[in-house]
Amino acid sequence: MKILENVIANKNLLFTDASTGASTPVGTLYRSLGLNPVEKGLIFLYNDNQVPSIEVLLNFYGTAHAIAVLGQKLHPEFKDRLETEYRPKYIFDPSRDEVQGYSLKEFSETVKIFAKEDYQPEVTIHPDIKILLSTSGTTGVPKLVKLSDENLYQNAVSILQYMPILETDVVPLNVPINFVYGFSIFTTNCMRAGRIVCTDKDIMQKAFWDEMEAYGYSTLGGVPYLYENLNRIGFFRKDSSSLRYMTHTGGVINAELRKTIFNYCLEFEKQFFAQYGQTEAGGRMAYLTTDGLLEEETSIGTPLHGGSFQIDPETDELLFLHTSISGGYANKLEDLSTYAQPKVLHTGDTGRRGQNGLYYITGRIKRIMKLFGIRLNLDEVEFILKNELEGNTVVCLNGNDKKIIVLYDNIEIDPEIIKETIKNKLRINPQYVRTEHIASFPLSQNGKINYPLLQNLQHENI
């Protein structure tokens, strides 16, 4: 277990409960539950980024069990479907008092886990499967990505080649660890940093900033929507003295916001790492340093150490090669008996390589629409609008290849500016553009804007 071995080797690492301030050394936390290391099965860990969730994760990581790390706020109906399909041996879910067919077993004063009554293993779980994470674009019952300890370790080691983590760093778990980016933040910092602060707060809550001041957070991580919100609340206008660097993944940041972040980093001597990654590759696949924020176009940078990109000559799809590529998907219990790691990951993104050696995402294969025969990349339309609207958040959807639907959440935006921008930049008649104000954008569990949900909600209005 290379990940756990390296975490344990970081002997000064502490885990702190943000709400109480109580801290526990890693040497105590990872073996607190008295588990049998050779016991094998499947545990569902419904995570809330609190200390008990982390305690369960570290303890079970040191056993032969496979661990499905899921969001504690997952809809009860989805939980029921998953548990019916996979029939796990253990379920950790502090949000429930009972689970049918399971008995609640007390492992410690703070950790209680549901154990399946009369458990009988139905399949032999492949020994390479260590962690199961749901794909970020999942709707309905999650499709689980099968990740090995080696996948996660190789990805972490590659990230540590460029990530400036210090043994004095204090790291908040503000990104859920059931999201692969959050899991990656967790593993890399557990291997190098000095303190992990377990919190369920987010940046839109005053309590988060109180905690940041109290503990002196060294870093922040998030998806573009988080940084758009930080800009909206004026975060980049003043210094946060303890903060050394910020990281991001989950989509590109628009040009206006990139300039704002660059100027903030320059003025207050911070670092920013824009990153690109997918669950299927263990987290992070490419990175761009602070200076890259001034690129005229939005770049994902260069592949991380040990990885490489290729561009499919027929489809322009970006292909990724690295030892962190996962062993496939699981849609049902029987899928856990196999683990087949491909040499190349098909990202589903279209891309190109610039003369400067940097890589650029040009869109999603599924985010392409044809408006009366004209091929449009909806991601590119969004970038154009965001830049014109000074970084305000907009979402572009396909109106059955008959209209571009543009949603915006800032009531002060003049919808005519949206239509005029599309007319001037793309030569599209405004009659083929529909604008709509939305009170707030629905988010998926990983904090990204929930595009599938928005698209489904629009069908009745198209």
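Everything numeric in this text was worked out from a predicted model, so none of it was measured. Values below: every heavy atom of this structure, side chains too, minus hydrogens, waters and symmetry copies.
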Legend entry - Any residue meeting side chain to side chain donor-acceptor pair (under 3.5 Å) with Tyr227, in chain and number order, not counting sequence neighbours: none

Legend entry - Residues Leu293, Lys259; criterion side-chain contact (heavy atoms from CB on, under 4.5 Å); working and verdict: CA-CA 7 Å; Leu293 294 173; Lys259 291 176 185 175; over 6 Å; no

Inset, instruction - Compute whether any side-chain donor of one residue and acceptor of the other, for Asn49 and Asp200, lie under 3.5 angstrom apart. - result: no

Inset, instruction - Indicate whether the side chain of Arg244 and that of Ser218 have a donor and an acceptor atom separated by less than 3.5 Å. - result: no

Inset, instruction - Mind jotting down which residue pairs meet the salt bridge (charged side-chain N to carboxylate O under 4.0 Å, His left out) criterion with at least one end in residues 150-159? Sequence neighbours excluded, please. - result: Lys2-Glu150

Legend entry - Tyr153 and Glu5 side chains, donor-acceptor separation under 3.5 Å: no

Inset, instruction - Decide side-chain hydrogen bond (donor to acceptor under 3.5 Å, both in side chains) for Ser148 and Asn151; before the verdict, give the C-alpha distance in whole Å, the side-chain angles of both, and the deciding distance to 0.1 Å. - result: CA-CA 5 Å; Ser148 70; Asn151 293 150; 3.1 Å; yes

Legend entry - Sequence neighbours excluded, every pair satisfying side-chain hydrogen bond (donor to acceptor under 3.5 Å, both in side chains) that has a member inside residues 233-243: Asp239-Lys270

Legend entry - Criterion side-chain hydrogen bond (donor to acceptor under 3.5 Å, both in side chains) on Tyr360 and Glu295, from CA distance to verdict: CA-CA 11 Å; Tyr360 299 83; Glu295 283 287 311; 2.9 Å; yes

Legend entry - Distance-only side-chain donor-acceptor flag, Asn231 / Thr260, under 3.5 Å: no

Inset, instruction - Could you tell me which residues satisfy salt bridge (Lys or Arg N to Asp or Glu O under 4.0 Å) with Glu380, sequence neighbours excluded, listed by chain and number? - result: none

Name every donor-acceptor pair, under 3.5 Å, that has one atom in a side chain of residues 124-131 and the other anywhere in the protein, sequence neighbours excluded.
unit_1 : atom_1 : unit_2 : atom_2 : d
His126 : ND1    : Asp128 : N      : 3.1
Lys130 : NZ     : Tyr61  : O      : 3.4
Lys130 : NZ     : Thr63  : O      : 2.7
Lys130 : NZ     : His65  : O      : 2.6

Legend entry - With sequence neighbours excluded, residues passing salt bridge (Lys or Arg N to Asp or Glu O under 4.0 Å) with Arg352: Glu297

Legend entry - Pairs flagged by side-chain hydrogen bond (donor to acceptor under 3.5 Å, both in side chains) wherever residues 246-256 is involved - sequence neighbours left out: Tyr181-Thr247

Inset, instruction - Anything under 30° is parallel, anything over 60° is perpendicular, the rest tilted; go ahead and classify Tyr46 against Phe44. - result: perpendicular

Inset, instruction - Not counting sequence neighbours, which residues clear salt bridge (Lys or Arg N to Asp or Glu O under 4.0 Å) with Asp291? List them please. - result: none

Legend entry - Which residues share a salt bridge (Lys or Arg N to Asp or Glu O under 4.0 Å) with Glu211, sequence neighbours left out: Lys201

Inset, instruction - Mind checking the CG-NZ spacing from Asn178 to Lys73? Nearest 0.5 Å is all I need. - result: 10.5 Å

Inset, instruction - Could you verify whether a donor N or O on one side chain and an acceptor N or O on the other, from Tyr329 and Glu280, lie under 3.5 Å apart? - result: yes

Legend entry - Under the ring pair (Phe, Tyr, Trp, His ring centres under 6.0 Å) test, residues paired with Phe236 that sit two or more places apart: Tyr264

Legend entry - Aromatic ring pairing Phe273/Tyr287, orientation class (parallel under 30°, perpendicular over 60°, tilted between): tilted

Legend entry - Spatial distance of atom OH (Tyr119) from atom CZ (Arg87) [nearest 0.5 Å]: 9.5 Å

Inset, instruction - Enumerate the residue pairs fulfilling ring pair (Phe, Tyr, Trp, His ring centres under 6.0 Å) with a member in residues 189-212, sequence neighbours excluded, ordered by first and then second residue. - result: Phe208-Tyr217, Trp209-Phe235

Inset, instruction - Mind checking the CE-CD1 spacing from Met285 to Ile159? Nearest 0.5 Å is all I need. - result: 11.5 Å

Legend entry - Ring-face cation contact, Tyr339 with Lys146, 6.0 Å cut, 45° max: no

Inset, instruction - Return yes if a side-chain donor-acceptor contact under 3.5 Å exists between Ser108 and Ser32, otherwise no. - result: no

Legend entry - Residues forming a side chain to side chain donor-acceptor pair (under 3.5 Å) with Tyr215, sequence neighbours excluded: none

